[in-house]
Structure formats: structure tokens, C-alpha cells
S.K.: 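Quick one: structure below, then a few questions.
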There are 2 protein chains.
Amino acid sequence: MANPLFREREVDFQLYEVVQADRLCALPAFADHSRETFDLYLQATRRLAREALFPAYRAMDEASARFENGRIFVHPKMKSLYPQMVALGLLTATRPPEVGGQSLPMTVAALASATLMAANLSAYGYIGLTAGAAHLLETFGDAQLKRDLMEPMYSGAWTGTMALTEPGAGSSLSDVKTTARKTDKGHHLLRGAKIFISGGDHDFAENIVHMVLARGTDAPPGTKGVSLFAVPKMRRENGKLVPNDVTVTGMIHKIGWRGIPSLALGFGDRDDCHGWLVGQPHRGLAHMFQMMNEARIMIGMNGVATATVAYQESLAYASTRPQGRPLGAKDPTTPQVPIIAHADVRRMLLRQKAIVEGGLSLLLCTSRYADLAVHAVEAGERRRAALLLDLLTPMAKTFPAERGFESNALAVQIHGGYGYSTEYLPEAWLRDQKLNSIHEGTTGIQGLDLLGRKVVAEGGAPLRLLRDEIAHAAARADAAGVDPTWGARVLGAMDAAAALTMELAASGMGGDPEAMLLHSADYMDLLSTVVVGWQWLLQAAAAKEGRATTEGDADFYSGKLCAAQYWIHTELPRVALLAELCRSREDAYARMQPSWF
Amino acid sequence: MANPLFREREVDFQLYEVVQADRLCALPAFADHSRETFDLYLQATRRLAREALFPAYRAMDEASARFENGRIFVHPKMKSLYPQMVALGLLTATRPPEVGGQSLPMTVAALASATLMAANLSAYGYIGLTAGAAHLLETFGDAQLKRDLMEPMYSGAWTGTMALTEPGAGSSLSDVKTTARKTDKGHHLLRGAKIFISGGDHDFAENIVHMVLARGTDAPPGTKGVSLFAVPKMRRENGKLVPNDVTVTGMIHKIGWRGIPSLALGFGDRDDCHGWLVGQPHRGLAHMFQMMNEARIMIGMNGVATATVAYQESLAYASTRPQGRPLGAKDPTTPQVPIIAHADVRRMLLRQKAIVEGGLSLLLCTSRYADLAVHAVEAGERRRAALLLDLLTPMAKTFPAERGFESNALAVQIHGGYGYSTEYLPEAWLRDQKLNSIHEGTTGIQGLDLLGRKVVAEGGAPLRLLRDEIAHAAARADAAGVDPTWGARVLGAMDAAAALTMELAASGMGGDPEAMLLHSADYMDLLSTVVVGWQWLLQAAAAKEGRATTEGDADFYSGKLCAAQYWIHTELPRVALLAELCRSREDAYARMQPSWF
């Protein structure tokens with residue numbers, strides 16, 4: 001039986017029973033939608049994922065792009081896959097009709113995308129990057145940029161990239177050295193080098209628009225001098241596309257995501273690279289963060305999807321691979337049992353389930369706030385949703401990357417020696433997953449962002465809102481008949497997190513930000529564990545509600561309740577320990593000198 | 001600067017200051033040795049590791065074995081590397097002079113081997129397997145087997161394998177189906193299929209001796225019917241080597257350890273496969289466990305070595321890669337700092353250090369008990385050491401595999417985007433490491449062995465002995481001036497583990513082994529954390545002692561004390577949490593039904 005990627009029952013549960021996405025249709029922005037239109041979109045993407053993208057996955061992993069004579073040749077499958085994805089409307093799913101979009105809630109679009117990512121994350125990657133780049137132009141570009149660049153991207157004729165990173169300044173964007181010299185013809189001349197540009201070249205569409213961070217020649221140093229430019233690979237001259245002095249200077253041999261190349265690009269080697277300013281000068285980083293924040297949620301969903309497809313694979317394997325006998329069954333003439341009969345194999349499967357379904361729920365919840373932040377009717381509710389979105393984004397990006405990697409390793413482990421071979425798929429997903437803790441802001445950077453900025457924004461308002469949401473969930477769970485200690489445990493963990501945050505923030509405001517942020521990695525782990533506990537509480541509530549009303553789904557709901565129990569009893573207790581560690585300011589790595597290693 | 005693999009200072013510290021291997025020379029078995037002879041051996045192996053094995057590592061990873069026309073062709077480098085390793089005396093390092101050995105303590109030989117593993121674990125793998133297989137013949141074989149098979153293996157002319165696993169019975173050795181039919185000519189005729197046979201064929205030596213588990217045609221079912229046979233690839237007939245009906249039927253495409261092929265072998269397809277019984281009939285599994293236990297310690301050392309070489313690589317990278325500025329340093333015109341200046345990077349490095357050096361210490365300590373179990377003068381001390389060896393073996397195998405994988409992932413993470421590419425080495429070591437939780441008994445099986453057999457042996461004697469050892473270490477640490485709370489914390493954690501074990505054992509003896517073993521994975525984590533805490537306490541004691549007497553090593557010792565602090569303050573507190581979890585018998589995965597997933 002083929003891997004189902006995301007199962008229909010799980011999608012329905014998460015979307016309609018947990019996050020209740022159909023209620024979004026009450027908002028004017030989504031008034032044309034209904035559960036029926038959502039389901040049509042989900043069915044179409046699921047079919048493409050299962051029938052076209054997933055069958056191409058291994059081939060694209062095995063034969064990655066070639067770099068020959070300055071050009072990149074990607075797997076030939078992309079020539080048919082990309083238009084098929086475009087035809088589904090993926091590029092503009094959440095955009096309004098004015099740009100050809102369907103005005104779908106991000107909550108729904110994200111889940112549809114997740115299915116495509118689970119099938120073939122590289123193939124979907126081109127869509128995600130193109131949609132994000134075009135959306136930047138939609139938001140900040142002038143009418144000419146929209147017509148000349150955004151439209152061919154949204155139409156699927158061209159693709160897009162984000163080009164931030166430079167060889168000498170990986171995560172440190174204040175050190176961007178690419179320059180942009182203003183001309184009197186409306187464009188700038190760019191010169192510089194970028195690295196790790198995903199989809200920075202390929203051969204399946206006629207043009208690529210790079211969203212490039214560069215520094216005006218008159219700009220101040222640091223992040224304040226960085227502007228955003230749209231730089232096409234080919235520019236239009238006299239009605240024809242001509243090369244725009246963007247060259248591929250190298251290809252990084254990635255260990256995963258092998259269907260989408262990661263490239264080093266040179267801009268302006270012949271001083272003939274035209275770029276067009278997008279938005280305000282010196283506001284490039286702020287503008288770019290629209291795409292970055294979308295990308296972080298997309299990466300989180302990639303993490304969920306990559307862990308999910310591996311979970312499904314190991315579940316199927318464990319259910320059918322016979323080996324060994326139950327404890328105490330000594331008779332070697334009896335048949336062997338499927339390995340799912342062994343408690344430790346069930347432990348590994350349940351741990352995966354808790355991570356991947358808890359992660360999915362977190363991503364959908366975050367996406368829902370993204371919808372409400374833009375489309376809620378009341379300004380106060382938009383503001384509230386925006387704060388929660390900002391708070392959750394670093395965790396939505398990091399939890400699936402870090403715990404997803406653990407989950408992917410368990411899928412390999414369950415496959416035993418076979419899992420350690422390229423004859424089986426879990427090893428490929430393990431490789432794929434590792435990138436998610438690195439790109440779009442490493443886990444370390446997400447931790448600093450969460451503790452140093454997000455939780456302390458507006459005097460701590462985001463955490464208070466989160467506490468309200470968790471209290472809501474606990475009330476829903478209680479009403480549904482969930483064991484009342486579960487809600488109390490999650491709320492208790494949230495309160496512990498809030499108290500810790502106050503202490504840490506006080507020390508930061510007291511002038512010691514190093515001490516405040518020393519355990520930002522542990523803090524990230526802590527708050528993510530609480531937040532996923534909240535998600536499991538919601539799922540438990542929905543499962544109890546469903547069991548009371550739906551016939552024939554008892555097994556599904558029992559599994560949900562079991563996984564919720566697992567998270568709340570096995571993982572949530574780590575919160576107190578982590579809080580103690582953060583509070584103690586255990587200083588081993590603060591004191592550790594480079595020469596001591 | 002080339003990766004040092006294991007640094008000289010670390011080797012000296014671990015061997016002479018922590019485990020005090022030179023004191024073993026007081027035993028009659030090692031009377032001919034001294035620190036000088038140990039050091040000569042260590043220097044010779046280190047030189048070979050750095051100058052020959054490590055430079056060949058990447059090439060062997062990239063061009064793994066080829067399977068053509070029924071034959072295996074390994075990387076041509078092996079033709080020179082194998083004789084060079086043999087020339088150092090690796091095959092018989094710990095064996096007595098009667099078989100050409102050097103009678104080195106395993107403690108010393110293990111550390112020398114670790115350096116070779118860090119350099120090129122596949123190349124060393126052939127040595128480890130050959131030494132183990134020949135040792136089986138030395139222990140259980142008759143004079144003819146020793147002369148005909150063991151001698152050419154020990155001499156380096158032939159290699160050896162262990163052939164246990166079958167396609168239908170991975171970890172379930174009671175389901176071995178390979179048969180051995182007795183003839184009246186002294187040999188048996190074998191027939192069956194084995195899989196995952198490392199080094200099962202190659203082209204750099206003239207013959208290979210497989211140590212095969214098979215079932216006599218008259219044997220009872222289950223493990224009790226399994227015997228051990230020596231089955232050479234080529235057998236001697238009329239003074240010539242002729243094929244012995246052992247065929248390569250397939251090659252598994254492993255994701256790591258790519259210098260040593262993992263093969264499917266067929267025995268007796270033409271009913272002409274001669275095998276010779278080794279030891280007692282029906283005692284095959286018991287005999288094999290000599291090699292298995294040695295192999296488990298070797299795998300643990302592989303885990304330590306693979307994490308160590310990656311740790312060294314990421315340490316060098318972090319010390320030289322400039323990126324970003326300290327928190328609060330806002331001036332973008334100041335130079336960037338090496339990333340080791342960032343606290344979260346130091347956290348990742350210190351975590352690696354704590355895992356790899358704590359793991360090394362555990363492996364050397366375990367090896368020392370292996371030495372004492374055989375060579376201590378008093379029978380009581382031999383017995384005591386044997387119990388501790390048995391107790392520690394599952395943890396010595398599992399801790400480096402599981403936590404080493406985490407450590408290897410951190411080495412990738414520190415390298416950022418570059419770490420995600422095959423242009424850098426950490427990704428290769430990450431792949432290599434993953435096998436160690438799978439082969440020679442999965443982590444799940446080690447957990448069942450530890451809790452179900454090892455800690456409850458002889459009425460709990462092993463844990464009492466371990467408690468004594470930890471009390472000793474605490475006394476040594478106190479005397480050396482280590483913070484007395486550290487010893488108290490480790491002893492407290494040990495007492496918590498002992499109390500938990502009593503409770504679990506009581507429930508097992510009360511007739512509920514399923515409940516007893518439900519949290520065997522958590523128990524493994526728990527006791528390993530205590531045991532590594534013990535090792536860090538010993539290292540802290542040795543560091544304080546060293547600092548009091550040695551000039552100029554203050555940095556080295558400060559690093560040791562910092563890492564000890566890190567483990568004791570950051571990891572050891574997990575013990576109480578894990579004990580609570582095991583005691584609670586949290587039953588989510590006990591209850592979880594296959595249909596609920």
C-alpha cells in the first residue's frame with residue numbers, strides 16, 4: 001500500500017474538529033468559501049501529491065541538479081510537475097482575486113501544501129519560493145514591478161527566489177556587502193555575491209526573479225542600510241528577454257532537498273546587472289521579513305510533513321514486518337508477531353505520532369492566527385492574532401525541525417538494518433529534515449528571537465494572550481470530558497513558563513541581556529513543549545467531542561487521546577526541569593573559554 | 001590544520017589520570033608492559049590513523065563497494081590499509097604471545113582502536129571483525145580449526161565475519177533457519193541465507209572465515225538448537241583453496257560505513273558448503289556472545305570515535321569562522337567574531353564535549369573491567385569486574401550511539417549551511433553514527449537486556465557494586481577538592497536509580513514482566529545518565545588532582561571541570577524525572593492498539 005502522506009481522516013480532524021477552519025468562512029474575506037470549497041482544493045492537491053509528486057521523489061533525490069557550463073539542469077520531471085502545481089492555483093491560493101487568487105485561508109492552504117511537501121518537498125519548494133517572492137512584489141512593489149515581474153511569477157511562467165545570504169555573512173545580515181548603485185534610468189546596478197540560493201537557477205521556466213538584499217552606495221552600515229531589490233535573471237529589452245548579468249558561480253552539494261539546487265550566484269560581474277528597488281530604501285530587511293516570516297512557517301510545515309511521511313512509512317512497516325514474540329512467549333514454533341506488538345516499537349511510533357500530529361496542530365493554529373491577523377473584522381482581534389502569530393512563529397519553525405529530526409530518526413530505527421539503506425525511504429527523509437534547523441534562521445537564532453524579542457514584546461502581552469488561549473482550551477477540554485488533570489497540567493506548565501519569563505525579562509532589563517539569553521535554547525524547548533501540550537489538549541477535547549457524536553471512529557479518537565496522554569505525562573514534566581535550569585543560570589557554557597575546549 | 005581525531009592530551013588524561021591504566025601493569029598478565037610500551041603502541045596507531053586511514057576516509061565513503069558478477073570489489077585503498085593495520089599488531093593486540101599477541105590490556109587497545117575508528121571506521125571494521133572471529137576460534141575451536149583457520153586470520157592473510165542475521169529473523173535469533181547437516185567426514189553441510197554480513201566479501205585478501213549460527217538437522221527449535229560453525233569462503237582441498245559454495249546474493253546500499261560492504265550471503269546453494277562446528281553443539285549462541293559482547297563494546301567505541309572526530313571538526317570550524325557580533329555590540333563596522341564567541345555555539349560545543357569525553361571515559365572504564373574480569377589475581381575481583389562489565393556493556397554500547405547521534409547532529413548544525421553539504425565532513429559522520437543504534441542489538445534490545453537481565457542479576461549485585469564504585473569516585477573527588485555537592489548529586493542519582501530498580505524488579509518477580517519492562521528505554525536513558533555522571537565526577541577529580549601537580553595545563557583542566565559541571569547540573573537532574581516516569585508506569589504505549597495509530 002502506498003504511503004498515504006497525510007491521511008484524510010487526520011486532515012478532517014485537524015482542520016474541522018480541532019482548529020475549526022470552516023468557522024473562518026464567517027469572515028468577509030472568506031465569505032465565498034465553505035467546507036466544500038476547502039475540500040475540493042484539498043482533494044485536488046492530495047491527488048497531485050500522491051499521483052505525481054510522490055512517485056517522482058526518489059528519482060529527484062537520486063539525480064540532483066547538474067551544474068554544467070554555467071547553467072543548472074534540474075531533474076527533467078520538474079518540467080511537468082511545476083505546471084501541474086501551478087494549474088492547481090498553489091501560487092495564489094491565499095491571494096485575492098485581483099491577482100488571480102482564490103482567497104483561501106492560509107490555514108487551509110498550509111495543510112494542502114503540507115501534503116505536497118510530504119510527497120516531494122523540493123518540487124513544492126519552487127512554488128513556496130515563487131509565491132513568497134511574488135507576494136513581496138504584490139505588497140511593496142509599484143505598478144510597473146507588479147506588471148513586469150509579479151504577474152509572470154503568479155502566472156507560473158517565471159519563478160522566484162530570496163537572495164539574502166552572502167559567503168562572508170551567513171546569518172549576520174548587517175554584514176551584507178552586495179551593493180546597488182542608482183542610475184538615472186529607474187534601475188540600480190547591482191554587484192555582489194550570494195550563496196545558498198535555493199532554486200537560484202534551473203531549466204524549466206524561462207526566467208527567475210531574485211529578491212535581493214543589497215546596500216545602496218550611499219547607505220549607512222549595518223542592517224539600516226539594506227534595501228530590497230528585484231533582480232531578474234533575464235531582463236526585458238526591446239520586447240525580448242536578455243541576460244541580466246546574473247551568473248551561477250557554484251552549486252552546493254546538499255545532503256537533502258536534492259530536487260532543488262542551492263547555488264552561489266554572482267550579480268554584476270560585467271557591471272550590467274539591473275535591479276529594481278522594492279518598497280522603501282533602507283527598509284529592505286523589514287520588507288523581507290514578510291517573506292521570511294511566511295518562509296519560517298513554511299519551513300515548520302516542511303518539518304511536519306517530512307516527519308509525517310516517515311511516520312506513516314514506519315507505521316506501515318511495523319504493522320507488517322514479523323519478528324520476535326511477545327515477552328514471555330517462549331515457544332519458538334509459534335509464528336512471529338509484527339513488530340508493532342513490541343512495546344518499545346509502539347513507544348517509538350507513539351512518540352512520532354505525538355510529534356508529528358502535535359506539530360501539525362501547532363502549524364495550523366499558527367496559520368489561523370495569520371489569517372485572523374489580516375482578515376479579522378475587529379482591529380483588536382487582528383492585533384491580538386498578530387501578537388500570537390509573532391510569538392508562535394519561532395516555535396512553529398523550530399519544533400518540527402528539532403523534534404521532527406528525532407521523529408525521522410525513529411522511523412529509520414523502526415526499519416532496523418533496512419532503514420539504514422537507500423533501498424528504503426526513511427533515510428532520505430532524515431537527510432531532508434536536517435536542513436530545517438539551519439535555513440531561514442537557525443535554531444539558535446530562533447531561540448534568541450523568541451526570548452529576546454517575541455515573549456517580551458509589548459510588556460509581555462503575547463504570553464498573556466497565549467495563557468488565555470490555553471485557558472480556553474482547558475475549558476473546552478473539561479467540557480468535553482477530558483481528564484481534568486490534563487488541562488490543569490498544561491495551564492500549570494504555562495504559568496511556570498510565564499513566571500520564568502518575568503524573571504528573565506527582569507534580568508535583561510536590569511542590564512544583563514547575556515544572562516537573560518544564556519538559556520534561550522532551553523527556553524525554546526520549554527515553551528515549545530508547553531505549546532504542543534496545548535495543542536494536544538485541544539486534540540483531546542476534539543476527540544472527546546467527536547467520540548460523543550461520531551459513530552465508528554472510536555479507534556481514531558482513542559489514538560488521539562492516547563497520544564495526548566503521552567505528551568502530557570511524558571513530555572510536559574520536562575517543563576519544570578527546564579524552568580529550573582533556565583532560572584539557575586547554570587553558567588558552564590558562559591564561562592567556557594575557547595582555549596579550554 | 002588537520003583534524004587531530006583524538007588529541008594526545010586527552011588520551012593521556014583519560015588513560016593515565018582518569019582510568020589509571022598504568023596500574024594494570026602490576027598484574028602478572030601485563031607485567032611486561034609499562035606506560036612506555038603503551039605509549040609506543042598508541043603513537044604507532046595514531047600515526048597510521050592520521051597519515052593513512054583518515055586521508056582515505058572520504059574517498060571510501062564516496063566510492064563504496066561494487067557488486068559485479070557475484071563478486072565484491074571494495075575501495076582499492078583497502079589493499080594497502082589492511083596490511084598496514086595488521087603490521088601494527090592490531091589483530092592480536094590483547095591476545096597472548098602463544099597466538100602471536102602482545103598481551104596489551106584491552107583498556108589500551110580500545111583507545112588505540114578508537115583513534116583508528118575516528119579516522120576511518122570502515123577500514124578498522126575489517127580488523128575488528130577478524131579479531132573477534134579469530135578470538136572465537138581461539139576460545140572454542142579445536143587444534144585443527146586453530147591451525148587451519150585462526151592462524152591465517154590472526155596473521156592477516158584472511159579476514160573474518162559474524163553471520164547471525166537472516167532475512168526472516170533480524171533480531172530474533174531463535175528463528176535462525178540456516179541448517180547444518182552432519183557428515184561422516186568431520187564437517188557439516190550448511191544451507192541457508194544470511195543478511196547484513198559486514199565484510200562478507202571483498203577482494204583484498206584471499207579468504208574469509210564466516211562465523212555462522214545454524215541449526216543442526218536434529219536440533220530442537222528456538223535458541224537452544226543453534227550451533228556455531230566456521231565456514232570459510234574457500235576451503236582447502238589437496239593443498240589448494242577451492243570455492244566453498246558461499247555466494248554473495250546481494251549488497252545492501254548502506255547510508256554510512258560505506259567502506260565496508262553489508263551483504264546478503266547464500267550458503268550451500270549447490271549443497272557443497274562445508275562448515276566446521278565450533279565448540280559445543282547447541283551452545284552456539286552462548287559461544288557467539290563472546291564475540292557479541294566484544295562487538296558491543298567495539299560499537300560503543302565506534303560511537304564515541306565518530307562523535308569525537310565530528311566534535312573536533314566543529315570546534316575548529318567554530319574557532320575560525322567569523323560571523324556576527326556579541327550581544328549588544330551594535331556597531332556594524334567592527335569586525336565579526338568567530339562563532340565560538342556566541343554562547344549558543346559554545347553550548348553546542350560543550351554538549352558535544354560532555355557526550356564524547358564522557359562516553360570515552362565510560363568505554364575505557366568498561367574496558368578496564370574487561371581486563372580485570374580475566375586477569376585480576378583474585379577470583380573475587382575477577383567476579384566483581386565481570387559483573388560490572390556485564391552491567392555496563394549495554395550502556396557502553398547504547399549511550400554513544402544515541403547521544404553520539406545527537407552530538408553528530410550538533411556538529412552539522414555548527415557548520416550551518418556548509419554542514420548540510422558533502423563539501424564538509426560532518427554529514428558523513430552523522431550518517432555513519434546512525435548505524436550504531438541498530439547493529440549488534442538495537443537500542444530497544446539493549447534496554448530490555450539492561451533492565452530485564454543485567455541489573456537484576458544475582459539479586460541486584462551489579463548495582464551494589466556500581467554504587468560502591470561511585471562512592472569511591474565521590475571520595476576521590478572530595479579529596480581532590482571538587483565541589484562536594486557534585487559527588488553528592490551523582491550518588492543521589494545512583495540511589496534513586498537503585499530504589500527504582502528494586503521497585504521494578506519487585507513487579508517483575510510479582511509476575512508482571514511487561515509492566516516491569518515497559519519503560520526500559522527510559523531506564524536505559526536514566527542509568528546511562530547516572531553512569532556518565534560518575535565518569536564526569538572521575539574526570540573532575542583527575543582534573544583537580546592534575547591542576548594541583550601539573551604546570552601549564554590549567555586551560556585543559558578548566559575545560560574538564562566546566563564539562564563536568566555541565567553534565568552534573570544540566571543532565572543529571574533528568575534522572576529524577578525519568579525515575580518518576582518509570583515509576584508512574586505511564587501506560588500510553590502499553591494501551592495503544594495498532595488500529596488506533
S.K.: Taking all non-hydrogen atoms of both residues into account, name the closest pair between A:Ala521 and B:Asp344 and its distance.
M.R.: CB-OD1, 3.5 Å
S.K.: Can you say whether B:Ile252 sits under 4.5 Å from chain A via the side chain, the backbone, both, or neither, judging by heavy atoms?
M.R.: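 Both parts, backbone and side chain.
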S.K.: Under 4.5 Å heavy-atom distance to chain A, tell me which part of B:His569 shows up: side chain, backbone, both or neither.
M.R.: both
S.K.: How far apart are the closest heavy atoms of A:Gln565 and B:Ala588, and which atoms are they?
M.R.: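 Heavy-atom minimum between the residues: NE2-N, 3.3 Å.
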S.K.: Checking heavy atoms, do the side chain of B:Ile255, its backbone, both or neither come under 4.5 Å from chain A?
M.R.: both
S.K.: For the pair A:Arg346 (side chain) and B:Gln593 (backbone), establish whether a donor and an acceptor sit closer than 3.5 Å, ignoring hydrogens and angles.
M.R.: no
S.K.: Would you give the length of the straight line joining atom CZ of B:Phe597 to atom CZ of A:Phe556, rounded to the nearest 0.5 angstrom?
M.R.: 13.0 Å
S.K.: Any side-chain donor-acceptor pair under 3.5 Å between A:Asp175 and B:Gln323?
M.R.: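 No, no side-chain donor-acceptor contact under 3.5 Å.
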S.K.: Name the region of B:Asp587, side chain, backbone, both or neither, that has any atom closer than 4.5 Å to a heavy atom of chain A.
M.R.: both
S.K.: Looking at A:Tyr589 and B:Ala343, what are the two nearest heavy atoms and their distance?
M.R.: CD1-O, 3.7 Å
S.K.: Is chain B contacted by the side chain of A:Ser319, its backbone, both, or neither, given a heavy-atom distance below 4.5 Å?
M.R.: neither
S.K.: Counting only heavy atoms closer than 4.5 Å, note whether B:Ala409 contacts chain A via side chain, backbone, both or neither.
M.R.: both
S.K.: For B:Asp555, which atoms come within 4.5 Å of any heavy atom of chain A: side chain, backbone, both, or neither?
M.R.: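 Answer is both: backbone and side chain atoms of B:Asp555 are under 4.5 Å from chain A.
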S.K.: If you count heavy-atom pairs under 4.5 Å between each of B:Gly222, B:Pro338, B:Gly417, B:Ala318 and chain A, which one has the most?
M.R.: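 Of B:Gly222, B:Pro338, B:Gly417, B:Ala318, B:Gly417 has the most heavy-atom pairs under 4.5 Å with chain A.
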S.K.: Between B:Met251 and chain A, with a heavy-atom cut-off of 4.5 Å, which part of the residue counts as in contact: side chain, backbone, both or neither?
M.R.: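 For B:Met251, the contact with chain A is made by the backbone alone.
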S.K.: Evaluate the criterion side-chain contact (heavy atoms from CB on, under 4.5 Å) for residue pair A:Trp596 and B:Tyr557; output intermediate values, then yes/no.
M.R.: CA-CA 8 Å; A:Trp596 295 3; B:Tyr557 292 129; over 6 Å; no
S.K.: Keeping A:Glu586 on the side-chain end and B:Thr570 on the backbone end, is there a donor-acceptor pair under 3.5 Å?
M.R.: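 No; zero donor-acceptor contacts below 3.5 Å.
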S.K.: Could you tell me whether a side-chain N or O of B:Gln413 sits under 3.5 Å from a main-chain N or O of A:Ser437, the two making a donor and an acceptor?
M.R.: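 Yes: the side chain of B:Gln413 pairs with the backbone of A:Ser437.
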S.K.: If every non-hydrogen atom of B:Arg325 is compared with every non-hydrogen atom of A:Ser174, which pair is closest and at what distance?
M.R.: NH1-OG, 3.6 Å
S.K.: Do you know which of B:Leu578, B:Ile340, B:Leu448 has the most heavy-atom pairs with chain A at a distance under 4.5 angstrom?
M.R.: B:Ile340
S.K.: At a heavy-atom separation under 4.5 Å, does B:Lys353 approach chain A through its side chain, its backbone, both, or neither?
M.R.: side chain
S.K.: Return the option, out of B:Met348, B:Glu406, B:Arg7, with the maximum number of heavy-atom pairs under 4.5 Å with chain A.
M.R.: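 Top count of heavy-atom pairs under 4.5 Å with chain A: B:Arg7.
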S.K.: B:Leu435 versus chain A, heavy atoms under 4.5 Å apart: side chain, backbone, both or neither?
M.R.: both
S.K.: Counting only non-hydrogen atoms closer than 4.5 Å, does B:Ile195 touch chain A with its backbone (N, CA, C, O), its side chain (CB onward), both, or neither?
M.R.: side chain
S.K.: What distance separates B:Ile438 CD1 from A:His415 NE2, expressed to the nearest 0.5 Å?
M.R.: 10.5 Å
S.K.: Donor-acceptor pair, distance only, cut-off 3.5 Å: does the side chain of A:Glu423 make one with the backbone of B:His253?
M.R.: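 Such a contact is found between A:Glu423 side chain and B:His253 backbone.
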S.K.: Which pair of non-hydrogen atoms, one from A:Pro221 and one from B:Pro332, has the smallest distance, and what is that distance?
M.R.: C-CG, 3.6 Å
S.K.: What part of B:Arg574 is in contact with chain A, defined as an atom under 4.5 angstrom from a non-hydrogen atom: side chain, backbone, both or neither?
M.R.: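 Contact with chain A: backbone and side chain both.
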S.K.: For the backbone of B:Cys562 and the side chain of A:Arg591, can you confirm whether one donor and one acceptor N or O come within less than 3.5 Å of each other?
M.R.: no
S.K.: Starting from the C-alpha separation in whole Å, work towards a yes-or-no answer on ring-ring contact (aromatic ring centres under 6.0 Å, His included) for A:Phe196 and B:Tyr418.
M.R.: CA-CA 9 Å; A:Phe196 298 123; B:Tyr418 299 101; 4.9 Å; yes
S.K.: Does any backbone or side-chain atom of B:Leu561 lie under 4.5 Å from a heavy atom of chain A? Answer side chain, backbone, both or neither.
M.R.: neither
S.K.: Could you report the tightest heavy-atom contact between A:Leu327 and B:Pro513, atom names first, then the distance?
M.R.: CD1-O, 4.3 Å
S.K.: To the nearest 0.5 Å, how far apart are CG in B:Asp432 and OH in A:Tyr420?
M.R.: 5.0 Å
S.K.: Which atoms of B:Leu581 are under 4.5 Å from chain A, going by heavy atoms: the side chain, the backbone, both sets, or neither?
M.R.: side chain
S.K.: Under 4.5 Å, counting heavy-atom pairs only, tell me which of B:Ala590, B:Pro594, B:Gly256 racks up the most with chain A.
M.R.: B:Gly256
S.K.: Among A:Pro326, A:Gly444, A:Gly324, A:Ser558, which residue has the highest count of heavy-atom pairs closer than 4.5 Å to chain B?
M.R.: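 The residue among A:Pro326, A:Gly444, A:Gly324, A:Ser558 with the greatest pair count is A:Ser558.
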S.K.: Quick check on the interface: out of B:Glu580, B:Glu10, B:His342, B:Arg431, who has the most heavy-atom pairs with chain A under 4.5 Å?
M.R.: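 Maximum pair count with chain A is reached by B:Arg431.
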S.K.: Does any heavy atom of chain A fall under 4.5 Å from the side chain of B:Thr443, the backbone, both, or neither of them?
M.R.: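 Both backbone and side chain.
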S.K.: To the nearest 0.5 angstrom, please state how far the NZ atom of A:Lys254 sits from the OG1 atom of B:Thr422.
M.R.: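 Reported value, rounded in 0.5 Å steps: 10.5 Å.
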